[in-house]
Amino acid sequence: QVQLVESGGGLVQAGGSLRLSCAASGRIGGYGMGWFRQAPGKEREFVAHIMWNGVNRYYADSVKGRFTISRDDAKNTVYLQMNSLKPEDTAVYYCAADPRRGSYFNGHAYDYWGQGTQVTVSS
């Protein structure tokens, strides 16, 4: 099975940027990969997904145009580049792997999850 570890979170000012990394202890080739986030007192929400073959990317409307998901299968790593950060982006960000086909937006469809990394955006 695949173990996922997120890193790169931190405290930034509004308008700043962060790049999150998700390092896998196993091969991610052939797996669709996603990013989700959860703010205190709120439900987990979908952020971004990249298909197993990297052909298509999908984003929540709230981050479209600001965030970019990418993957490097040779390094077994997935990234989330976050630009123009807003205070409402503050959350714990989770990496996930291997959703059922057509269910990339649903966290319950993913088999593997990381422990999360905190992103805090100050006003």
Side-chain angles (χ1 to χ4, degrees):
Q1 59 181 310
V2 176
Q3 294 176 301
L4 306 173
V5 179
E6 302 94 334
S7 62
L11 174 64
V12 298
Q13 293 183 333
S17 298
L18 283 174
R19 187 179 70 167
L20 306 183
S21 297
C22 172
S25 62
R27 296 176 62 184
I28 64 170
Y31 288 172
M33 304 294 296
W35 286 95
F36 290 75
R37 66 187 183 187
Q38 187 167 24
K42 296 185 178 180
E43 294 185 342
R44 179 182 58 194
E45 66 174 340
F46 168 75
V47 175
H49 175 85
I50 184 166
M51 288 182 60
W52 67 272
N53 59 6
V55 170
N56 287 335
R57 297 174 172 90
Y58 304 92
Y59 299 95
D61 288 343
S62 59
V63 307
K64 193 173 300 182
R66 300 188 297 122
F67 290 11
T68 302
I69 186 172
S70 61
R71 64 189 297 154
D72 186 342
D73 288 2
K75 298 177 65 175
N76 294 316
T77 302
V78 179
Y79 305 96
L80 185 69
Q81 178 67 45
M82 305 185 295
N83 298 326
S84 301
L85 283 162
K86 304 174 180 179
E88 52 262 45
D89 295 319
T90 295
V92 176
Y93 283 71
Y94 297 92
C95 177
D98 200 22
R100 295 188 299 275
R101 189 182 67 179
S103 300
Y104 61 86
F105 52 86
N106 184 353
H108 290 105
Y110 290 77
D111 288 334
Y112 306 105
W113 291 84
Q115 86 292 340
T117 185
Q118 176 71 48
V119 172
T120 303
V121 184
S122 62
S123 301

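The structure presented is a predicted model; accordingly, all values stated were derived computationally and were not measured.
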Query raised in the report: Checking His49 side chain against Tyr59 main chain: does a donor-acceptor pair fall under 3.5 Å?
Result: no
Query raised in the report: Among all residues two or more places apart in sequence or in another chain, which pass the side chain to side chain donor-acceptor pair (under 3.5 Å) test with Asp89?
Result: Arg37, Arg66
Report summary line: Sorted by chain and number, sequence neighbours left out, side chain to side chain donor-acceptor pair (under 3.5 Å) with Lys42 holds for none
Requested in this report: Could you list all the disulfide bond (SG atoms under 2.5 Å apart) pairs where at least one residue sits in residues 40-77, not counting sequence neighbours?
Outcome: none
For residues 76-83, which side-chain N or O atoms pair as donor and acceptor with protein atoms under 3.5 Å away, sequence neighbours left out?
residue : atom : partner : partner atom : Å
Asn76   : OD1  : Ile28   : N            : 3.3
Thr77   : OG1  : Lys75   : O            : 2.9
Gln81   : NE2  : Asn83   : OD1          : 3.0
Asn83   : OD1  : Ser17   : OG           : 2.9

**Report entry** Residues that Asp111 engages under side chain to side chain contact (heavy atoms under 4.5 Å, CB included), provided they are two or more places apart
**Finding:** Asp98
Query raised in the report: Can you name the side chain to side chain donor-acceptor pair (under 3.5 Å) partners of Arg57, sequence neighbours left out?
Result: none
Report task. Scan residues 11-45 for pairs that pass disulfide bond (SG atoms under 2.5 Å apart), counting only residues two or more places apart or in two chains. Result -> Cys22-Cys95
Query raised in the report: For Phe46, what residues pass the ring-ring contact (aromatic ring centres under 6.0 Å, His included) criterion, not counting sequence neighbours?
Result: Phe36, Tyr104
Query raised in the report: Hey, is CD on Glu88 packed in by over 12 heavy atoms from elsewhere, all under 6.0 Å?
Result: yes
Query raised in the report: Which residues satisfy the side chain to side chain donor-acceptor pair (under 3.5 Å) test with Ser25, sequence neighbours excluded?
Result: Gln3
Query raised in the report: Can you get from Leu20 to Tyr112 by hopping between Ile, Leu, Val, Met, Phe, Trp and Tyr side chains that sit under 4.5 Å apart?
Result: yes
Report summary line: To the nearest 0.5 Å, atom CG of Leu4 lies from atom OH of Tyr110 at 11.5 Å
Donor-acceptor contacts under 3.5 Å from residues 116-123 side chains, at least two apart:
residue : atom : partner : partner atom : Å
Thr117  : OG1  : Gly9    : N            : 3.2
Gln118  : NE2  : Ala91   : O            : 3.4
Gln118  : NE2  : Thr120  : OG1          : 3.4
Ser122  : OG   : Val12   : O            : 3.4

Query raised in the report: Are His108 and Arg44 side-chain neighbours, meaning at least one heavy-atom pair lies under 4.5 Å?
Result: yes
Report task. Just jot down the ring-ring contact (aromatic ring centres under 6.0 Å, His included) partners of Tyr94, sequence neighbours excluded, or say none. Result -> none
Query raised in the report: Quick one: do Ile69 and Val92 end up in the same hydrophobic cluster if we chain Ile, Leu, Val, Met, Phe, Trp and Tyr together by side-chain heavy atoms under 4.5 Å apart?
Result: no
Requested in this report: Return yes when atom CH2 of Trp113 has more than 12 non-hydrogen atoms of other residues, nucleotides or ligands closer than 6.0 Å, and no otherwise.
Outcome: yes
Query raised in the report: Looking at side-chain heavy atoms only, is the closest gap between Phe67 and Trp35 below 4.5 Å?
Result: no
Query - Residues which pass ring-ring contact (aromatic ring centres under 6.0 Å, His included) with Phe105, listed by chain and number, not counting sequence neighbours - result: none
